[in-house]
Novice: 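Please see the structure below; I have some questions.
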Number of protein chains: 2
Amino acid sequence: MTGKVDSRPTMDDVAIEAGVSQMTVSRVMRGTGQTSEQVRHRVEQAARKLGYVPNRLATSLRDETTPLIAVVLPTLGNRVFSEVLDGITATLSGRGLQPVFGVTEYSEATEEELVRDLLSWRPQGIILPGLEHSDATRIAIRAAGVRVVEVMDIDGDPISIAFGLSQYAAGQATARYMLTKGYRRFGYIGSQGARDLRAVKRFNGFRDAVRDSGGQILVEHVSDGPSSMIEGRRATATVLSAPDRPEAIYYSNDDLAAGGIMHCLSHGVTMPTDVALAGFNGLPFLEALPIQLTTVETPRLEMGIRAAQHLIDDHDTSEVPRVIDLGFHLIPGQTS
Amino acid sequence: MTGKVDSRPTMDDVAIEAGVSQMTVSRVMRGTGQTSEQVRHRVEQAARKLGYVPNRLATSLRDETTPLIAVVLPTLGNRVFSEVLDGITATLSGRGLQPVFGVTEYSEATEEELVRDLLSWRPQGIILPGLEHSDATRIAIRAAGVRVVEVMDIDGDPISIAFGLSQYAAGQATARYMLTKGYRRFGYIGSQGARDLRAVKRFNGFRDAVRDSGGQILVEHVSDGPSSMIEGRRATATVLSAPDRPEAIYYSNDDLAAGGIMHCLSHGVTMPTDVALAGFNGLPFLEALPIQLTTVETPRLEMGIRAAQHLIDDHDTSEVPRVIDLGFHLIPGQTS
DNA sequence: AAGCCTGATGTTTACGTAAACATATGCGCC
DNA sequence: GGCGCATATGTTTACGTAAACATCAGGCTT
């Protein structure tokens, strides 16, 4: 017996109201199979009257498929990732797919738990940040047989396919550019401790390139918290007041670097003569700075779009793991 | 008969592997009821061996409840909303709740469809931007009997409860501040056509305050696309080259206003003597500007946190509609 | 030693939907 | 005028889980 006062109406309720069977309601709702004009009308009326809303939990359970795409991101505190998410959502919407997501705050343990939770929704696919994941995460994903796309990074072995850029090469390119400008004595400013693995890779590329040319990294200042302009400003003050003051500073991202510019402007430190600066990401807000930062533009939106697109397209799950390099673009600025 | 080669393992599969009944597996998985140490161990082993992942679709269908919170946002293209989302996610995670979300791109029709889609997941609650929604949206939500929180705005009648600020008052406050500084002839620059209803309210507050004091709005420049610094720059150039040039410009948000600052800096227009500027939001990137923008700081993170918190707390659904004013804070800058 | 509780496990059922199969009605055809 | 076929609708079942209820073994009580 259906018709409980308090509960949401089901197809059964609509069926009774319209004087037909539940199956007929199902047919009318989806516009499949054969239905007479008359019945269709009655059912639609009944559905509207009762405020019927289909229950996707039931549909998905029954069909053993969902319109969900799981999305994992390190944080929403950085514009970079909301742009990736933007690309994903824009691509999914209109195709009847919906994102369910969560953030790891750069913790591998959180990622593990999050992935388990997300997979329990039986999503069509999952988008993960970076290529480094715990064994448990990999096993869970493999067992789920779900399609995976990794984004942001291509330095390593993807589970299936990765859309991103070589973080190592980006660091290297930045270093080489600075080296051509004549700088040899560098400082590095980062954040998130060593948890931001892509920042670590960039710095490795930067450091290797510097060392190969006989340059040196005089000081590494990596704070533990999230990156922000104010933190970059503080860190820059510290680094520049050290006895062994660098000629140039490489920042793990634009927020920190912009803070560096703020410090220099407020303290009469001339860029690039007193100190040269370089950041990473090419975020739009850089346009607002009084002086153009040297940075590396990354295909953030495109990574999201391509990742989502890949999950939409019908691909073979057994494909060979591969990486798609979406490249990056060094923007020479006035700070170096 | 279970054990289909291709499909994900279910409790039945684990049960067979462990030589117990499905129900026992369920008990072990959730740690409820009575289970012997021995059986528990066998079941856990079997589950691990088969890579069992619970199916939340089934659980939710069976329990008639989900751990989902639906989130609707106008866009991810503006930092404001990713900050709100950040507040929501941070508050939900750790409580076993998950956000499912979508963006409307400022379209009421899209919102309607999106809300219907989201409600079909039978979420615990739904978070909507603003107080203006189509009748169909309201009806769907009412029928769903789902808990609703509206965020951003408090100028109007909430469906149930709203956490936000008075957009009208914010516009008014900005105008009054500008008026005390002696400006009387104003320009307005907006975007998103008239779709950004909160921007419209702010402008109404601004305009009313200006008119009340005998000032006037000489020009209104509202472009149709999304807001961006570059658009603000273009618009500012246009407005300042008009024959009836305003003494001060009010922008619908900080991105546009920052573009205005860019224009002035590049064209030797001195702020605030040649023209005064004011924005809205108090986004962190303003810190990067060479000159402090007059703006209104909004409690973006807090709106997200409070909204999510309200859905977590056990509230009476039949409560009287009400609005919670989280206030705003005018930041006097160097541009006015 | 019969009765009875307790702890451990099993069986049945319902959640809402949709495929597969079953049934009914009517109409054309030879 | 009976056969067959198309069209419209109904019935059964399964998806995976968990509450409610049923069963069963063993030990304790008197």
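Chain letters run A, B, ... following the sequence lines, proteins first and then strands; every chain starts at 1. Computation of the quantities below employed the complete heavy-atom set of this structure, encompassing side-chain atoms and omitting hydrogens, waters and symmetry-equivalent molecules.
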Novice: Heavy-atom nearest nucleotide on DNA chain D for G33(A) versus A58(A): which residue maps closer to 5'?
Specialist: G33(A)
Novice: Taking atom C1' of dC15(C) as reference, at what distance in whole Å does atom CZ of R122(B) sit?
Specialist: 11 Å
Novice: Answer yes or no: side-chain N or O of R27(A) and base N or O of dG10(D) forming a donor-acceptor pair under 3.5 Å.
Specialist: yes
Novice: Got a sec: does the CD of Q124(A) have more than 12 other heavy atoms crowding it under 6.0 Å?
Specialist: yes
Novice: Under 4.0 Å between a side-chain N or O of R30(A) and OP1 or OP2 of dA19(C)?
Specialist: yes
Novice: How close or far is atom C1' of dT13(D) from atom CD of Q22(A), stated in whole angstroms?
Specialist: 12 Å
Novice: Select base, sugar-phosphate, or nothing to describe what T35(A) touches, counting heavy atoms under 4.0 Å on all strands.
Specialist: sugar-phosphate
Novice: Set out, in order, the CA-CA distance, both residues' side-chain angles and the distance that settles side-chain hydrogen bond (donor to acceptor under 3.5 Å, both in side chains) for R116(B) and S120(B), then state yes or no.
Specialist: CA-CA 6 Å; R116(B) 220 195 331 272; S120(B) 74; over 6 Å; no
Novice: Distance check needed: dT17(C) P versus L61(B) CG, whole Å only.
Specialist: 9 Å
Novice: So does Q34(A) reach the base of dA6(D) with its side chain, donor to acceptor, closer than 3.5 Å?
Specialist: no
Novice: Establish, with yes or no, whether the OP1 or OP2 oxygen of dG10(C) is under 4.0 angstrom from a side-chain nitrogen or oxygen of S21(B).
Specialist: yes
Novice: Using only side-chain N and O atoms of S36(A), determine if any of them is under 4.0 Å from OP1 or OP2 of dT9(D).
Specialist: yes
Novice: Is the count of non-hydrogen atoms from other residues, nucleotides or ligands lying under 6.0 Å from R138(A) atom CZ greater than 12?
Specialist: yes
Novice: Do you know the tightest heavy-atom contact between L118(B) and A70(B)?
Specialist: CB-CB, 3.8 Å
Novice: Round to the nearest Å and state the distance from Q38(A) atom CD to dT7(D) atom P.
Specialist: 18 Å
Novice: Nearest whole angstrom, please: distance from the P of dG16(D) to the CG of D63(B).
Specialist: 16 Å
Novice: Quickly work out the D12(B) CG to dT17(D) P distance and round it to whole Å.
Specialist: 8 Å
Novice: It should be established whether S26(A) places a side-chain nitrogen or oxygen under 4.0 Å from OP1 or OP2 of nucleotide dA18(C).
Specialist: yes
Novice: Calculate the interatomic distance between M11(B) atom CE and dT13(C) atom P; express it in whole Å.
Specialist: 20 Å
Novice: Looking at R42(B), does any N or O in its side chain come under 4.0 Å of the phosphate oxygens OP1/OP2 on dA8(C)?
Specialist: no
Novice: Are R198(B) and D155(B) close enough, and set up right, to give a salt bridge (charged side-chain N to carboxylate O under 4.0 Å, His left out), and what steps lead you there?
Specialist: CA-CA 9 Å; R198(B) 288 173 293 285; D155(B) 298 335; over 6 Å; no
Novice: Mapping R62(A) and T24(B) onto DNA chain C by nearest heavy atom, which one lands closer to the 5' end?
Specialist: T24(B)
Novice: Please give, in whole Å, the distance from dT11(D) P to M23(A) CE?
Specialist: 12 Å
